[in-house]
Asks: 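What follows is a single structure, and I will ask about it in a moment.
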Amino acid sequence: MTTALRVPEELSARVPAEQRGKGLDRDAVRLLVSRGTEVSHHGFSELPSLLRAGDLLIVNTSPTLAAAVDGRIGHARVVVHFSTRGDDGRWAVEVRDPDGRGTTRARAGGPAGTEVRLPGGVRLVLEEPLTGRSPRLWWGRVSEPGGRVPEADVPGPEADVLGLLGRHGRPIRYSYTERDQPLSAYQTVFALPAADGAGSAEMPSAARPFTARLVAALVSRGVQFAPVTLHTGVASAEAHEPPYPERFAVPETSARLINAARAGDGRVVAVGTTAVRAVESATGADGVVRAAEGWTDLVVTPERGVRVVDGLLTGLHEPEASHLLMLEAVAGRATIDRGYDAALRGRYLWHEFGDVHLILPEEAPHTEHCSSNCR
């Protein structure tokens, strides 16, 4: 069963696809396709032939931040993962221990008042847990050299942290990867710089295999793209927690594109669970998508269901509770179980540099053998 699934260590993708051989690009990953409980195996470069004119891909434009910074608590070395920026200038952070191999391991958060010394004389003070469910993430406030804490309603603390990340940060990396990678390896082709410098602590990785060439092929095929934004926070590899609030935005043009696709014959396919969370947060009970932005605390479950999304392109990740529930909401438990079993048997690679899974709705019998021009 999927809930009991354990991924063998050798199936972790340790380096990006383009580093695994000469002449390879990001799209040199495998693509598992699920339609109901039927599965098929492809290369990601075949994606245009698996979609059709009128289909629409919802893509997350959030850029990835260099969100990991070295620090010290007393004499002990730590690594701070900056997760989510709050409206009051504080940041949700995770403090971790170096593991001696260039990555980190989990440590208990807090207590309140803990001071972390960061590069450039910046200090971070932990104030309170992000939620009562887990001590892992804490709200913290930075102070400038000299100890001055910028006022929450005055621009400054956000810029200070973003400046700190720009000067001293590096991408968050987990122990299953082989070595540090440049920030560019964690940016997707859809990433756009935010006006306020905001971004994601961890890459919206389902979109990583897309290349400019593949996007052009999809457009030529008649596939459309609807950009949305959801800035993802830290989802520690060791923690299986419900998702916490994240910033999102669905622009008016994208809302119109999605509604038009649903009114026609096109399938709406989200690229990543972040895109699902964003668009479903902007969808009313009537199934109409409306422009929206702000914070979303939506948890997509099979009971709640999805109102807009017909399909999902997602990476292969450990099947933690919230991720699994969202996949089941889109496709049903039997489809997800069959897909994960096929991925294990087929030796697909897991995690952000790994292979991907395209979940499509079952075709009606009269369209199963239609030509490539059918809609």
Side-chain angles (χ1 to χ4, degrees), residues 1-3 5 27 29-59 205-210 214 217-218 221-226 258 261-277 279-280 287 300-302 304-317 319 323-350 354-375:
M1 297 296 290
T2 303
T3 52
L5 179 147
D27 58 4
V29 297
R30 298 169 69 192
L31 177 64
L32 177 72
V33 178
S34 293
R35 292 185 179 90
T37 56
E38 298 299 317
V39 297
S40 57
H41 303 273
H42 306 266
F44 190 77
S45 60
E46 297 176 64
L47 182 63
S49 68
L50 297 166
L51 300 177
R52 60 197 187 210
D55 286 346
L56 183 141
L57 295 176
I58 304 173
V59 296
S205 57
R208 192 185 190 279
F210 285 86
L214 188 65
L218 287 162
R221 177 78 169 173
V223 175
Q224 295 183 297
F225 292 83
I258 297 166
R262 286 180 55 77
D265 297 326
R267 298 170 295 185
V268 176
V269 179
V271 178
T273 57
T274 62
V276 176
R277 196 181 196 199
V279 71
E280 291 288 328
V300 178
T301 65
R304 189 264 187 192
V306 289
R307 297 169 178 170
V308 170
V309 174
D310 299 309
L312 174 63
L313 181 71
T314 180
L316 294 166
H317 301 281
H323 179 83
L324 179 62
L325 290 174
M326 181 180 289
L327 267 58
E328 288 182 16
V330 173
R333 178 62 178 268
T335 294
I336 303 309
D337 278 351
R338 184 67 61 88
Y340 269 77
D341 289 343
L344 280 176
R345 290 196 308 272
R347 311 289 290 175
Y348 279 68
L349 295 181
W350 250 251
D355 299 317
V356 283
H357 185 192
L358 176 62
I359 303 167
L360 292 173
E362 289 187 85
E363 296 284 2
H366 69 279
T367 63
E368 286 181 344
H369 303 291
C370 64
S371 71
S372 61
N373 293 323
C374 73
R375 295 181 61 185

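All values reported here derive from a predicted model rather than from experimental measurement.
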Asks: Should Arg267 and Leu56 be marked as a side-chain contact (heavy atoms from CB on, under 4.5 Å) after you check the CA-CA gap, both sets of side-chain angles, and the distance that decides it?
Replies: CA-CA 6 Å; Arg267 298 170 295 185; Leu56 183 141; over 6 Å; no

Asks: What pairs with Phe44 under ring pair (Phe, Tyr, Trp, His ring centres under 6.0 Å), at least two apart in sequence or on another chain?
Replies: Phe210

Asks: Holding to side-chain hydrogen bond (donor to acceptor under 3.5 Å, both in side chains), I want the full list of residues that pass it with Arg307, two or more places apart in sequence or in another chain.
Replies: none

Asks: For the side chain of Asp55 and the backbone of Arg52, is there at least one donor-acceptor N/O pair under 3.5 Å apart?
Replies: yes

Asks: Checking side-chain contact (heavy atoms from CB on, under 4.5 Å) for the pair Leu47/Val223: CA distance, chi angles, key distance, verdict?
Replies: CA-CA 11 Å; Leu47 182 63; Val223 175; over 6 Å; no

Asks: What residues, two or more places apart in sequence or in another chain, satisfy side-chain hydrogen bond (donor to acceptor under 3.5 Å, both in side chains) together with Arg35?
Replies: none

Asks: Is a side-chain donor or acceptor of Ser205 paired with a backbone partner of Arg208 at a separation under 3.5 angstrom?
Replies: no

Asks: Specify the closest pair of heavy atoms between Ile58 and Ala275, including all atoms of both residues, with the distance to one decimal.
Replies: O-CB, 3.7 Å

Asks: Below 4.0 angstrom, N of the basic side chain to O of the carboxylate: do Asp341 and Arg345 qualify?
Replies: no

Asks: Output all residues satisfying ring pair (Phe, Tyr, Trp, His ring centres under 6.0 Å) with His42, sequence neighbours left out; order by chain, then residue number.
Replies: none

Asks: With sequence neighbours excluded, what pairs up with Ser34 under the side-chain hydrogen bond (donor to acceptor under 3.5 Å, both in side chains) test?
Replies: His357

Asks: Donor-acceptor pair, Arg221 side chain versus Leu51 backbone, under 3.5 Å?
Replies: yes

Asks: Minimum heavy-atom separation for Val39 to Ala342, with atom names?
Replies: CG2-CB, 4.0 Å

Asks: Taking the side chain from Thr335 and the backbone from Gly36, do they hold a donor-acceptor pair closer than 3.5 Å?
Replies: yes

Asks: Go through the steps for Met326 and Val276 under the test side-chain contact (heavy atoms from CB on, under 4.5 Å), then give the verdict.
Replies: CA-CA 8 Å; Met326 181 180 289; Val276 176; 3.6 Å; yes

Asks: Which heavy atom of Val356 sits nearest a heavy atom of Gly315, and at what distance?
Replies: CG1-CA, 4.2 Å

Asks: Could you list the residues that satisfy side-chain hydrogen bond (donor to acceptor under 3.5 Å, both in side chains) with Asp27, not counting sequence neighbours?
Replies: Arg213

Asks: Short question: side chain of Arg30, backbone of Gly346 - any donor-acceptor pair under 3.5 Å?
Replies: yes

Asks: Can you check whether Phe225 reaches Leu218 side chain to side chain, under 4.5 Å on heavy atoms?
Replies: yes

Asks: Please give me the minimum heavy-atom distance between Leu313 and Val269, naming the atom from each residue.
Replies: N-CG1, 4.1 Å

Asks: Nearest 0.5 Å, please: how far is CD1 in Ile359 from CG in Leu312?
Replies: 5.0 Å

Asks: Got a second to check how far Leu325's CG is from Arg333's CZ, nearest 0.5 Å?
Replies: 9.0 Å

Asks: Give the minimum heavy-atom separation between Gly354 and Val29, together with the two atoms involved.
Replies: O-CG1, 3.7 Å

Asks: Between Tyr340 and Leu32, is the side-chain contact (heavy atoms from CB on, under 4.5 Å) condition met? List the steps.
Replies: CA-CA 9 Å; Tyr340 269 77; Leu32 177 72; over 6 Å; no

Asks: Locate the shortest heavy-atom distance separating Ile336 from Glu328; write the atom from each residue and the value.
Replies: CG1-N, 4.0 Å

